[in-house]
Visitor: 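Just passing along the structure, written as structure tokens.
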Amino acid sequence: MTIISVLLIGSSVLSQKNDPVVLTVNDESITKSEFLQVYLKNNDDPQYDKESLDEYVELYKKFKLKVAEAEALGYDTIPALVRELNGYKEQLAKPYLTDKSKSQALIDEAYQRMQSEIKASHILINLKPNAAPEDTLKAYNRAMQLRKRIINGEDFAEVAKGKDGSEDPSVKKMAVT
């Protein structure tokens, strides 16, 4: 035997001691950790009393027996049933793929952000993508002129509409929201 196979057998024996088999259905061994994982995932408020665990063990056994029987009858190869089974897999995978507490925290954060409404308005000064530096400077200076007017008390909507008599084609008239 190689060292690797000795290590694998040794770790298998150790893991069996730490994780005992609690149930066997059709020669399939179910460990304590596997059973607990399924039990906890399917119960939002798990009860650890004997009655609740015994009831879930019976449900789990019936489930495993039905799966084994379906496989023995070849149901797992019928296209319509394969599609249906894939749908169940997707549905059952969702709780494993989502973190309920994190999702709730994100929902709460989004709700809090919705509580404060921000109204924004803007004035767009057109500039070609390949504009020369002089054109960029001209657009910047125009933006600074408009900004100064607004800071000095002129109505933003009037400045945005271009009511100052200037017909600068680079200033795009924008609706104030």
Side-chain angles (χ1 to χ4, degrees), residues 2-5 7-8 10-12 14-15 18-19 30-48 60 63 67 70-71 75-177:
T2 65
I3 294 175
I4 294 174
S5 61
L7 288 174
L8 289 173
S11 66
S12 170
L14 284 176
S15 67
N18 294 338
D19 196 10
I30 292 110
T31 62
K32 180 181 177 182
S33 64
E34 179 185 352
F35 177 78
L36 280 175
Q37 180 183 13
V38 172
Y39 178 71
L40 294 174
K41 206 59 169 167
N42 290 320
N43 291 293
D44 289 333
D45 186 24
Q47 303 297 315
Y48 293 103
Y60 194 68
F63 165 74
V67 170
E71 287 175 345
Y75 289 168
D76 59 330
T77 60
I78 299 172
L81 295 177
V82 169
R83 280 192 302 276
E84 185 176 349
L85 180 61
N86 287 335
Y88 291 139
K89 284 180 183 178
E90 287 179 25
Q91 183 180 3
L92 291 172
K94 286 181 184 177
Y96 289 97
L97 300 175
T98 58
D99 181 354
K100 291 179 186 176
S101 62
K102 189 65 173 173
S103 294
Q104 187 59 47
L106 290 171
I107 290 168
D108 293 342
E109 181 182 340
Y111 177 76
Q112 289 303 321
R113 287 183 178 183
M114 288 174 52
Q115 298 306 304
S116 60
E117 183 177 329
I118 298 173
K119 291 187 178 190
S121 300
H122 63 279
I123 300 172
L124 178 64
I125 299 176
N126 282 334
L127 189 63
K128 293 181 181 175
N130 57 351
E134 308 84 49
D135 294 334
T136 304
L137 181 61
K138 183 179 175 186
Y140 174 79
N141 288 333
R142 181 69 178 140
M144 290 300 103
Q145 288 172 353
L146 296 173
R147 179 179 183 272
K148 186 175 182 181
R149 288 174 52 201
I150 294 166
I151 289 173
N152 287 337
E154 279 190 61
D155 182 53
F156 181 92
E158 293 301 313
V159 173
K161 290 177 185 175
K163 297 281 183 170
D164 65 340
S166 74
E167 289 297 323
D168 188 342
S170 68
V171 177
K172 191 99 148 171
K173 279 78 173 171
M174 304 302 274
V176 178
T177 58

Visitor: Tell me whether Lys32 at atom NZ has more than 12 heavy atoms from other residues, nucleotides or ligands lying less than 6.0 Å away.
Guide: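 Counting other residues, nucleotides and ligands, NZ of Lys32 stays at 12 neighbours or fewer.
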
Visitor: How long is the gap from NZ on Lys148 to CG on Asn141, to the nearest 0.5 Å?
Guide: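 One gets 11.5 Å once the value is rounded to the nearest 0.5 Å.
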
Visitor: Rounded to the nearest 0.5 Å, how far does CD of Glu71 lie from OG1 of Thr77?
Guide: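 These two atoms lie 10.5 Å from each other.
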
Visitor: Between Ile125 and Leu146, is there a side-chain heavy-atom distance shorter than 4.5 Å?
Guide: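 In short, these two side chains touch, coming nearer than 4.5 Å.
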
Visitor: Between Glu134 and Lys138, does a salt bridge (charged side-chain N to carboxylate O under 4.0 Å, His left out) hold up when you go through it step by step?
Guide: CA-CA 6 Å; Glu134 308 84 49; Lys138 183 179 175 186; over 6 Å; no

Visitor: Could you measure the distance from the CZ atom of Arg149 to the CD1 atom of Ile151? Nearest 0.5 Å is fine.
Guide: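 Here the interatomic distance stands at 12.5 Å.
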
Visitor: Any chance you could measure Asp19, atom CG, to Phe35, atom CZ, to the nearest 0.5 Å?
Guide: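 Interatomic distance, Asp19 CG to Phe35 CZ, rounded to 0.5 Å: 12.5 Å.
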
Visitor: Answer yes or no: are there more than 12 heavy-atom neighbours, outside Tyr75 itself, under 6.0 Å from its atom OH?
Guide: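 No - once you tally the heavy atoms of other residues, nucleotides and ligands closer than 6.0 Å, there are 12 at most.
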
Visitor: Mind listing the closest non-hydrogen atom pair of Phe156 and His122 along with its distance?
Guide: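 The answer is CZ-N, 3.8 Å.
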
Visitor: Classify the side-chain pair Glu90/Asn86 by whether it contains a donor and acceptor separated by less than 3.5 Å.
Guide: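 Their side chains do not contain a donor-acceptor pair, so the 3.5 Å distance test is not met.
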
Visitor: As an exercise, state the distance from CD1 of Ile107 to NZ of Lys102, rounded to the nearest 0.5 Å.
Guide: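 Separation between the atoms: 12.5 Å.
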
Visitor: Looking only at heavy atoms, what is the nearest atom pair of Asp135 and Leu127, with distance?
Guide: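 Shortest heavy-atom separation between Asp135 and Leu127 comes out as O-CD1, 3.6 Å.
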
Visitor: Hey, is CE on Met144 packed in by over 12 heavy atoms from elsewhere, all under 6.0 Å?
Guide: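 Counting neighbours around CE of Met144, more than 12 heavy atoms of other residues, nucleotides or ligands fall under 6.0 Å, so yes.
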
Visitor: Return the CD to CD1 distance between Gln145 and Ile150, rounded to the nearest 0.5 Å.
Guide: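 Interatomic distance, Gln145 CD to Ile150 CD1, rounded to 0.5 Å: 12.0 Å.
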
